[in-house]
K.L.:
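I'd like to ask you about the structure that follows.
The figures here come from the full heavy-atom set of this structure, side chains too, leaving out hydrogens, waters and symmetry mates.
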Amino acid sequence: MPPETAVSKAHSALDPSRWKALIFIALAQLMVVLDATIVNIAMPSAQSDLGISDGNRQWIITAYALAFGGLLLFGGRVSDLWGRRRAFIIGLIGFALASALGGAAQNEAMLYASRALQGVFGALLAPAALSLLTVLFTDAKERAKAFGVFGAIAGAGAAVGLLLGGALTDYLDWRWTFFVNIPFAAVAALGAVLVIREPNTTRDGSSLDIPGVVLGSLGLVALVYGFARAEHEDWTESGTIAMFVSAVVLLALFVIVEARVKSPLLPLRVLTDRNRGGAYAALGLASIAMFGVFLFVTYYLQIVRGYSPVRTGIAFLPMVVGMIIGSTQIGARLVTRVAPRNLMVPGFLVASFGMLLLTRMNLDSSYTGVLMPSMVLLGLGLGTAFMPAMSLATENVRPSDAGVASAMVNVSQQVGGAIGTALLNTIAASATTAYFTDHLAGTTDERTLTFESMVHGYTAAVWWGVFILLGSAVISAVLINRKGGGHGQVATGGEGAEADSVVPVMAH
């Protein structure tokens, strides 16, 4: 079939409501991403109101992280089997109900349960949203625009959450940080019912791989909990080591099972593709480094500089603007003209330079002279790099594997976030303690020394973030080799081998 005929057939099969569908898919993604940041802002108020001890407050975050991270692969495969639209709607309704339970929580057990339920439904919702984009937008230029919007929201949602969470906590009550999810979910679910139409040819008709579900979910839970435990306990503590050993054993068994079963939960072909695997690795590393921004800049602004939660959120807005420009105006416009590597490598390099500027932080750093330029560069760089990376991660995959390939994007980011929180917090805490001890004898102002030690710890962790982002650039340069110029291939339907499930799409 001539390329022009293939293109015209592809265009005739496109859903006429796909751009309206993108609005509701993006809204759902925004809700999931900003929820984590909102809860972080609200945690001190919730802890005080419900009488949660300092030792137990971590479960407000950990309960969600374990359920979400552990069930992502299962959620992705379920959306392939049940249908992505159905999984998307069920995920939205469940997330809204769990959020209502959290907002109405009368004790810590009720709050933990609501967070775990949010994680369960989030693990169904997140891969369903991304895989819907994969099957609805099969034209290369349209796919670039759609993933540009999605990538901008995925990157900027956390910063938006800081602003929204601060406003809700300051002016209303911490419970509204949960209740705010309900209108988001209601609008997105109603839009999905009315607008989204999933192609029937993209559904997987095979059975569910139960051994894979058990091994994969338990392995991811052990891995995420291991890092969460390391952050609050110690890297050499027996329970932490046991979690990491269990994770290695369970995930190794998972790989063995997936290589042998007829209908695996995660077909290894999804991971072994050079470009897709490189995209997962680059996104995972970048997620580790991003915590150096959100975590330590938030601490710096609120603890050292005395910013309110709302003012902190406003301070992050230049990063949000940078991400939107990088994703929609640079990444989406160029991805069909140049090779993805030529966007990802410069993007991560620009982001690492922005991170490098943050190492200049001190007790009285100028926001406009140090922090704002850093945030603009981080936003531009990450937005430019994330857009082609997220597209590559779901490109050239069998339509019946779109859900689980999308889930791997979320797995890489979730595991990267868990590593980043534990690793960078440990580095910062160690550097803070060492600086305070070394300078205590020569000071008469312990309060100032305490703040100086904190800033020293933050910048020590940010230095690691610089090198981690450089690692993402190196991975992109070495592993990503797909050519650009609009000759990328996108899934269109059918079963068969991956090479048979794609057609060339010419640039207009």
Side-chain angles (χ1 to χ4, degrees), residues 69 72-77 79-81 127 130-131 134-135 147 202 204 206 208-209 211-213 215-217 219-220 223 247-287 339-341 344-345 385-386 388-416 419 471-484 487-504:
L72 272 169
L73 289 178
F74 174 64
R77 180 51 83 192
S79 70
D80 288 330
L81 297 174
L130 185 53
S131 60
T134 302
V135 299
F147 271 82
T202 63
D204 187 350
S206 59
L208 185 62
D209 168 24
V213 169
L215 290 170
S217 298
L220 288 173
L223 185 63
V248 171
V249 172
L250 288 166
L251 292 176
L253 290 172
F254 172 72
V255 171
I256 293 171
V257 168
E258 298 307 276
R260 294 170 179 262
V261 298
K262 182 179 179 181
S263 302
L265 176 72
L266 175 62
L268 296 185
R269 60 180 175 266
V270 172
L271 297 178
T272 54
D273 177 86
R274 175 175 179 163
N275 290 283
R276 200 177 303 125
Y280 292 144
L283 285 170
L285 273 181
S287 297
R341 175 170 58 190
M344 293 172 65
V345 173
F386 273 21
M390 294 181 75
S391 182
L392 270 180
T394 54
E395 190 175 84
N396 285 357
V397 71
R398 294 185 185 186
S400 58
D401 291 339
V404 75
S406 301
M408 276 303 303
V409 174
N410 291 282
V411 168
S412 65
Q413 293 176 322
Q414 181 70 17
V415 172
I419 295 171
S472 288
V474 171
I475 285 175
S476 302
V478 172
L479 292 182
I480 307 300
N481 66 355
R482 185 176 77 68
K483 296 180 180 179
H487 297 290
Q489 295 179 317
V490 289
T492 58
E495 295 299 324
E498 286 189 51
D500 298 325
S501 63
V502 293
V503 294

K.L.:
Kindly give the heavy-atom pair with the smallest separation between Gly471 and Leu285, and that separation in Å.
P.N.:
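It is C-CD1, 3.8 Å.
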
K.L.:
Of Leu250, Val411, Leu215, which meets side chain to side chain contact (heavy atoms under 4.5 Å, CB included) against Leu220?
P.N.:
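The side chain to side chain contact (heavy atoms under 4.5 Å, CB included) with Leu220 is passed solely by Val411 among Leu250, Val411, Leu215.
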
K.L.:
Determine all donor-acceptor pairs shorter than 3.5 Å in which one atom belongs to a side chain in residues 251-259; sequence neighbours excluded.
P.N.:
from, atom 1, to, atom 2, distance (Å)
Glu258, OE1, Leu265, N, 2.7
Glu258, OE1, Leu266, N, 2.8

K.L.:
Using atom types as modelled and distance alone, determine if a side-chain donor or acceptor of Asn481 lies under 3.5 Å from a backbone N or O of Asn275.
P.N.:
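No.
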
K.L.:
Which heavy atom in Arg276 sits nearest to a heavy atom in Arg269, and how many Å separate them?
P.N.:
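Smallest heavy-atom distance, with atoms named: NH1-O, 3.2 Å.
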
K.L.:
If you take all heavy atoms of Val261 and Pro264, which pair is closest and at what distance?
P.N.:
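Shortest heavy-atom contact: CG2-CA, 3.5 Å.
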
K.L.:
With sequence neighbours left out, what residues match Ser217 under side chain to side chain donor-acceptor pair (under 3.5 Å)?
P.N.:
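Counting only residues at least two positions away or on another chain, Ser217 forms no side chain to side chain donor-acceptor pair (under 3.5 Å).
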
K.L.:
Over all heavy atoms of both residues, which pair between Ala286 and Phe386 is shortest? Give the atoms and the distance, please.
P.N.:
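In terms of heavy atoms, the two residues are closest at CB-CE1, 3.7 Å.
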
K.L.:
Looking at every heavy atom in both Ala282 and Ser472, which two are closest together, and how far apart are they?
P.N.:
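Answer, listing the atom of Ala282 first, then Ser472: O-OG, 3.0 Å.
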
K.L.:
Looking at every non-hydrogen atom in both residues, tell me the closest pair between Pro340 and Leu392 and how far apart they are.
P.N.:
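Looks like CB-CD1, 3.7 Å.
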
K.L.:
Check for a donor-acceptor pair, side chain of Arg341 on one end and backbone N or O of Ser476 on the other, with a separation under 3.5 Å.
P.N.:
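Absent.
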
